[in-house]
Amino acid sequence: MQTLAEGLRLPTNGLDYAILAIYFVVVLGIGFMARASVKTSLDFFLSGRSLPAWVTGLAFVAANLGATEILGMAATGAQYGVAVVHWYWIGAIPAMVFLGLVMMPFYYRSKVRSVPEFLLQRFDRSAHLLSSVLFAFAAILIAGVNLYALSIVVEALLGWPQWVAIVVAGLFVLVYITIGGLSSAIYNEVLQFFVILAALIPLTVLGLKRVGGWDAMSDSLTKQHGGDFMTAWGGTGIGDANPLGANWLTIILGLGFVLSFGYWTTNFAEVQRALSAKNLSAAKRTPLIAAFPKIFIVFAVMIPGLVAAVIVPKIGTPDSDLTYNDAIPLLMQELLPNGVLGIAVTGLLAAFMAGMAANVSSFNTVFTNDIWQRYVVKDEPDTYYLRFGRLITAIGVLASIGTAFIAASFSNIMSYLQTLFSFFNVPMFVVFIIGMFWKRASMKSGVWGLVAGTAAAMVNYFWIYQGGIIDIPSDQGANFVSAIVGFVAGAVVMVVVTLFTAPKPEAELAGLVYGTESPSPDEELEEADRAWYRKPALLGWGAIVLAAACYVPYSF
C-alpha cells in the first residue's frame, strides 16, 4: 500500500480531537467494567460462554470490518467498480451461513476453547500443535498489518509520525484486552461497529449528493470506463478481458469457495466470537446475524470509491498524485465538516483497533491453551493460566508492533493479507472439511494435510509465481491460484495418508464427524422455545435469499 497523498491532510480542530478523546475514554471504561466479570481463564478467553447472540453477532462482523478492508474495498471500488460486491456476496455470505448451520454445532458441542483444539479431538497431537503454531504466527502477522495500515492513515490525516500511531494504538488495545479479556474486546467491537457505520454512512450519502445521485454517477463512470464497470459480472466470461483480471470460474472457486470458506470457517479470530455465545443456538446464530449487515456494508465501502472515481477521474493513474487507497480520505477532506470529521477519524481508528483486537485476543487464547498449557506448563491452577494469558497478551501486542514494520515492506496490504490467508487458512480448511465429513480420515492425515497444503501454497507463490515459471497476471491472481493449489494438495495428501494409516476409533468420533452428533443439553433445554428468531436455518436461508435478491440485477 502506498503512502496516502500529502495533500489529504485533514483540517481537524479541537472538536474533532475531543470526540476522539471521548471515544478512547469510553473504550478504556468498557475494559475496566469488563474486568469485574473475569474470574477464571474461561471468562478471560471466552467470556465464560455467556454472551447473547446479538452481541456476538455484531462483534463477529466488526472483527472483520477493519480499516484495511474499509480503505481496501473503497480502493477496489474506485479501481474495478461494482465488481467489489464479489468480496461480500460471493466471498463472505455463503461461508458465514455454512459456518453457522454446519460447523458451529461441531465447534460448540465439543466444548473446545479454540479452533486448533478441535483438530486435537478429531485427529491427534501433531495436527493440533502444528495448527496452533501456524495460527498464532498468522494472527500476529495480521495484527501487525492492521497497526501498519493505521499508522500510514494517521500520519497522512493527522500528521502523527507512523511509529507514534503504531505505539499509541497498540497500547490502547493492550490495556483494554489485558484488563477485561475477550468480553472487553467484544463489547468494544459492538461499539466500534456503530462508530464505523457512523463514519461511513455520511460519506456515502454526501458523496452521492455531491455527484448528483446514483444515475448521474453511473452515467459518468460508464462513459469513463465502459459498461462493465457498473455491473457485477460483465466481462467475466472465460477468455474475456476485464479490469479485475478474473473470470467467473476463478471468482467462484478461488474467492467464493477456497479463500472464503478457508477464512470464515477456520479463522479463530472470527470463530472465537461465536464460541463465547451463551448456548449452541446463540453460537449458530452468531455468523447468521452477522451476515445480514455484511450484505449491506458493501454499499458503504463501494459507493465512496465510485464517488472518488467521479470526483477525480484520473485517480490511481500516473496523471494523478492520488492513489486508489486515497478514496476514503479524499471524501473525508472534501465533504465532512468538523465534528462529523472527528467521528469519521474515530471510525477509522475504531476499525483498525477492532481488527487488531480480534487477532490479539485469538492469539492469546491459542498460545495459552493450545501451546503453553498443553505442551509446556501443565496442570497448574486456573489462576496461573489467567495471569499467563494477560502476560502473553502484552507479548502479542509487542510482537504485533514488530510485524507492523514487516508489513511496511509490502506494496499492497490487501494482497499481503490474501497471501497470508492462502498460506494458513486454506490448508486448515481442507483438513477440517475432510475430517468433518469423512469418518475414515485417519489421525495422521491431519498433520500431513496441513504440511502439504501450506507447503504447496508457498511453493506456488514464492517459486512458481515470483520465480516467473508460470505467468500469472497479478498478486491477487497468484493468491487465488495458491489457495486452490494448497487446497488440492492438502486433500490429495490426506486421502493418500489415510489409505496407509489407522483411522480414529469410531467410538471417539461422536460429535466430531457429520452424522455422528447427538443433541446437546442446550438443544434439549431449548426444544420448547422455537420462536422464528431462534431458528438458525431460517436466519441462514433468509440471509441467502436477501443476498440473492440484491444480486439479481447485474447493474444497480
Side-chain angles (χ1 to χ4, degrees), residues 2 4-12 65 67 69-89 153 156-157 196-235 242-244 295-345 347-348 351 414 550-551 553-556:
Q2 300 174 355
L4 297 180
E6 180 66 24
L8 291 181
R9 187 66 50 82
L10 298 181
T12 49
L65 193 59
E69 174 169 341
I70 293 173
L71 293 179
M73 290 305 174
T76 303
Q79 185 172 5
Y80 301 122
V82 174
V84 71
V85 299
H86 293 309
W87 270 265
Y88 289 76
W89 296 342
V153 170
L157 302 187
I196 292 166
L197 291 184
L200 291 177
I201 290 174
L203 281 180
T204 303
V205 173
L206 294 176
L208 281 175
K209 183 178 179 181
R210 169 71 177 271
V211 296
W214 178 269
D215 290 338
M217 179 181 70
S218 181
D219 291 342
S220 176
L221 292 175
T222 298
K223 292 177 182 177
Q224 293 178 36
H225 302 281
D228 291 340
F229 196 79
M230 294 302 291
T231 67
W233 291 102
N242 64 79
L244 190 59
I295 292 171
F296 301 104
I297 286 172
V298 62
F299 295 106
V301 295
M302 175 183 70
I303 291 175
L306 299 177
V307 170
V310 174
I311 294 176
V312 183
K314 296 185 180 296
I315 188 171
T317 68
D319 297 328
S320 173
D321 63 345
L322 297 177
T323 69
Y324 294 115
N325 295 313
D326 295 326
I328 291 286
L330 170 68
L331 297 194
M332 290 171 62
Q333 182 195 59
E334 292 265 331
L335 304 175
L336 300 184
N338 291 110
V340 179
L341 185 60
I343 294 174
V345 172
L348 278 180
M414 292 303 292
C550 294
Y551 216 34
Y554 279 44
S555 62
F556 299 88

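Leu306 has its side chain out of reach of Val310: every pair of non-hydrogen atoms, C-beta onward, lies at least 4.5 Å apart. With contacts defined as side-chain heavy-atom distances shorter than 4.5 Å, the pair Leu335/Lys209 does not qualify.
Minimum interatomic distance between Gly347 and Ala199 (heavy atoms only, all atoms of both residues): CA-CB, 3.9 Å. Across all their heavy atoms, Gln224 and Ala309 have their closest contact at OE1-O, 3.6 Å. Minimum interatomic distance between Ile328 and Ala74 (heavy atoms only, all atoms of both residues): CG1-CB, 3.5 Å.
Among pairs with a residue in residues 330-343, those fulfilling salt bridge (Lys or Arg N to Asp or Glu O under 4.0 Å) read Arg210-Glu334, at least two apart in sequence or across chains.
The CZ atom of Phe299 sits 7.5 Å away from atom CH2 of Trp214, with the distance rounded to the nearest 0.5 Å. Remark: Ile311 CD1 to Leu331 CG distance equals 5.0 Å, nearest 0.5 Å. Expressed to the nearest 0.5 Å, how far CD1 of Ile196 lies from CD1 of Ile343 amounts to 13.5 Å. In this structure, OH on Tyr88 lies 13.0 Å from CD1 on Ile295, to the nearest 0.5 angstrom.
With Trp87 as the fixed residue, the side-chain contact (heavy atoms from CB on, under 4.5 Å) test singles out one of Val298, Val301, Thr76: Thr76.
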